[in-house]
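Down below is the structure, laid out as structure tokens.
Computed from heavy atoms alone, side chains included, the values below leave out hydrogens, waters and symmetry copies. Residues: numbered from 1 along the sequence shown.
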Amino acid sequence: MARGRKLTSKNPGRGRAGARTPTKARTASVRRTTKETDIEVAVSLDGTGTSSIATGIGFLDHMLDLLARHSRIDIKVTAKGDLHIDHHHTTEDVGIALGQAVKQALGDMKGITRYASVHVPMDEALTRVAIDVSGRPFLVFKAEFVRDKVGAFDTELVNEWFQAFAVNAGVTLHVEALYGTNDHHIAESCFKGLARALRAALAIDPRAANEVPSTKGKLGG
């Protein structure tokens with residue numbers, strides 16, 4: 001190689017591994033205000049997994065922090081809700097707003113891998129999560145919790161959050177806790193499973209970077 005020769009990339013839209021970098025930032029912000037909650041959400045699908053979460057519900061904050069970290073989606077959530085009643089409205093509405101933000105950030109969905117399936121262990125618990133970023137919302141959620149609460153958080157709200165997220169993100173999502181005895185571990189494996197599935201399914205497939213991954217030519221509808 002001649003000394004001083006400058007190397008230039010023939011594929012400026014590709015990273016070191018050859019993957020396409022989206023030409024348009026996959027980001028979105030959503031604000032949802034009702035008589036029960038006031039929620040602001042921002043996401044960057046091509047982030048590094050940073051998070052700023054303040055819902056007023058400690059356990060939900062913990063789950064969303066690890067969702068961001070393991071999906072590599074940057075997530076910001078600020079929520080004020082009627083926590084003097086219970087955690088239901090805030091948990092559900094955070095799921096709605098986060099799902100809407102992810103859907104908006106995806107845009108036309110060109111180049112996404114679309115499908116992913118993972119198994120995630122958390123000590124004695126093991127959860128299987130499969131996702132199709134299809135534009136068609138559907139949730140199958142199977143998890144048996146031992147107790148009614150983890151701390152002050154109702155374990156039944158894990159299902160509620162996943163339902164709200166799947167419907168508003170427009171994804172087909174199957175979550176099944178195969179086994180486990182610790183409710184914190186079961187819930188955490190569900191959220192980590194979703195995170196890893198999203199990380200894989202939302203990634204750009206370099207072999208189909210400018211294609212919508214559907215024989216219909218579009219996703220959803």
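Minimum interatomic distance between I131 and A201 (heavy atoms only, all atoms of both residues): CG2-CB, 3.7 Å. Nearest approach of A187 to V158, heavy atoms of both residues: CB-CG2, 4.1 Å. Pairing each heavy atom of A42 with each of S29, the nearest pair is CB-OG, 3.8 Å. Here the closest heavy-atom approach between residue A79 and residue T90 is recorded as CB-CG2, 4.2 Å.
Checked by atom type and distance alone, the side chain of R26 never pairs as donor or acceptor with a backbone atom of V102 at under 3.5 Å. With R72 contributing its side chain and T48 its backbone, the two residues share a donor-acceptor pair below 3.5 Å. Of the possible donor and acceptor atoms, none in the side chain of D183 sits under 3.5 Å from a partner among the backbone N and O of V150. At distances below 3.5 Å, not a single donor-acceptor pair connects side-chain atoms of D74 with backbone N or O atoms of S44. Between the side chain of S134 and the backbone N or O of V171 there is no donor-acceptor pair closer than 3.5 Å. The main-chain N or O of R136 is found under 3.5 Å from a side-chain atom of T172 such that the two form a donor-acceptor pair. Listed for the Q104 side chain is no donor-acceptor partner under 3.5 Å among the backbone atoms of A28. Judged by distance alone, the side chain of T34 and the main-chain N or O of E36 form a donor-acceptor pair under 3.5 Å.
Here the rule is side-chain contact (heavy atoms from CB on, under 4.5 Å) with T127, and of L178, L194, V175 only V175 fits it. For the side chain to side chain donor-acceptor pair (under 3.5 Å) test with D154, the passing option among R147, K149, H88, H87 is K149; the others fail. If you run side-chain contact (heavy atoms from CB on, under 4.5 Å) between E40 and each of K80, K76, R31, only R31 comes through.
Atoms CG and CH2, on L64 and W161 in that order, are 6.0 Å from each other to the nearest 0.5 Å. Going from atom CG of L66 over to atom CE of M122 covers 8.5 Å, rounded to the nearest 0.5 Å. From D65, atom CG reaches atom CG of L60 across 9.5 Å, with rounding to the nearest 0.5 Å. In this structure, CD1 in I73 is found 11.0 Å from OG1 in T50, a value given to the nearest 0.5 Å. One distance of note links OH of Y179 with CD of E144; it measures 15.0 Å at 0.5 Å rounding. Atom-to-atom distance recorded for L157:CG and F145:CZ is 10.0 Å, nearest 0.5 angstrom.
Considering only heavy atoms from C-beta on, H84 comes within 4.5 Å of D82 through its side chain. Side-chain contact between N159 and L139: present, with at least one pair of heavy atoms (C-beta onward) separated by less than 4.5 Å. Inter-residue side-chain proximity for T113 and I204 is flagged as unmet; no heavy-atom pair is nearer than 4.5 Å. Side-chain atoms of V129 and R196, non-hydrogen and from C-beta on, never get closer than 4.5 Å to each other. Between R128 and H174, every side-chain heavy-atom pair lies at or beyond the 4.5 Å cut-off. Using a 4.5 Å heavy-atom threshold, the side chains of I112 and D205 count as separate. Looking at L98 and V43, their side chains come closer than 4.5 Å, going by heavy atoms from C-beta outward. Residues R32 and V41 form no side-chain contact, since every pair of their non-hydrogen atoms from C-beta on lies 4.5 Å or further apart.
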**Message:** What verdict does the side-chain contact (heavy atoms from CB on, under 4.5 Å) test give for D123 and N182, after you've listed the backbone C-alpha separation in whole Å, the side-chain angles of each residue and the deciding distance to 0.1 Å?
**Reply:** CA-CA 9 Å; D123 292 352; N182 182 297; over 6 Å; no
**Request:** May I have the step-by-step check of side-chain contact (heavy atoms from CB on, under 4.5 Å) for T33 and I39, ending in yes or no?
**Result:** CA-CA 6 Å; T33 303; I39 296 168; over 6 Å; no
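The hydrophobic cluster containing F138 also includes V140, under a criterion of side-chain heavy atoms closer than 4.5 Å among ILVMFWY residues, counted directly or through chains of members.
A distance below 6.0 Å separates the ring centres of H184 and F59.
By the 6.0 Å contact criterion, CZ on R199 is enclosed, its count of non-hydrogen atoms from other residues, nucleotides or ligands being greater than 12.
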